[in-house]
**Student:** 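Structure provided below as structure tokens; questions to follow.
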Amino acid sequence: MTAMATHQMKKQIHDIGVPDVPEFLDQIVASGGHLWACRMSADMMHLDESDLYDEVEGIISATDFIEKTEGAQLLFI
């Protein structure tokens with residue numbers, strides 16, 4: 001059932017023209033955006049920077065994020 005639901009969701013996402021995650025991340029970086037991973041999520045999932053998309057600049061805490069993005073336009077995904 002999970003595989004069928006996943007397939008259906010991917011089809012619906014494709015049908016409305018939303019790029020897949022790697023393409024979307026490439027578009028963000030190409031547009032001058034920055035990518036960071038959430039420290040708490042990475043810790044919970046036992047991930048380090050080597051596990052992440054190559055363009056992720058680091059694993060940061062919420063406090064780090066607030067400091068880095070002061071006055072910036074944000075897209076939180």
**Student:** Once side chain to side chain donor-acceptor pair (under 3.5 Å) is applied, what residue pairs with a partner in residues 5-14 remain, sequence neighbours excluded?
**Tutor:**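 Residue pairs with at least one partner in residues 5-14: K11-D15.
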**Student:** If hydrophobic clusters are built from ILVMFWY residues whose side chains come within less than 4.5 Å, do L25 and I13 share one?
**Tutor:**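 Result: no, two separate clusters.
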**Student:** Atom CE in M45, atom SG in C38: separation rounded to 0.5 Å?
**Tutor:**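 It is 12.0 Å, given to the nearest 0.5 Å.
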**Student:** Write down the atom of P19, the atom of Q27, and the distance for their closest heavy-atom approach.
**Tutor:**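 For P19 and Q27, the tightest heavy-atom pair comes out as CG-OE1, 3.9 Å.
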**Student:** To the nearest 0.5 Å, tell me how far H46 NE2 sits from D51 CG.
**Tutor:**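 So the gap between those two atoms works out to 11.5 Å.
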**Student:** Going only through I, L, V, M, F, W and Y residues with side-chain contacts under 4.5 Å, is there a path from M40 to L52?
**Tutor:**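 No; L52 is not reachable from M40 via cluster members.
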**Student:** Find out if a path of hydrophobic residues (ILVMFWY) with successive side-chain heavy-atom gaps under 4.5 Å connects Y53 to V21.
**Tutor:**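 Yes; V21 is reachable from Y53 via cluster members.
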**Student:** Do E49 and I59 come close enough that some side-chain heavy atom pair is under 4.5 Å?
**Tutor:**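 Of all side-chain heavy-atom pairs linking I59 with E49, at least one is under 4.5 Å.
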**Student:** Tell me whether I60 is reachable from I66 by hopping between hydrophobic residues (I, L, V, M, F, W, Y) whose side-chain heavy atoms are closer than 4.5 Å.
**Tutor:**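 Hydrophobic grouping puts I66 apart from I60.
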**Student:** With sequence neighbours left out, write down each residue that passes side chain to side chain contact (heavy atoms under 4.5 Å, CB included) with D20, or none if nothing qualifies.
**Tutor:**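 Applying side chain to side chain contact (heavy atoms under 4.5 Å, CB included) to D20 gives P22, E23.
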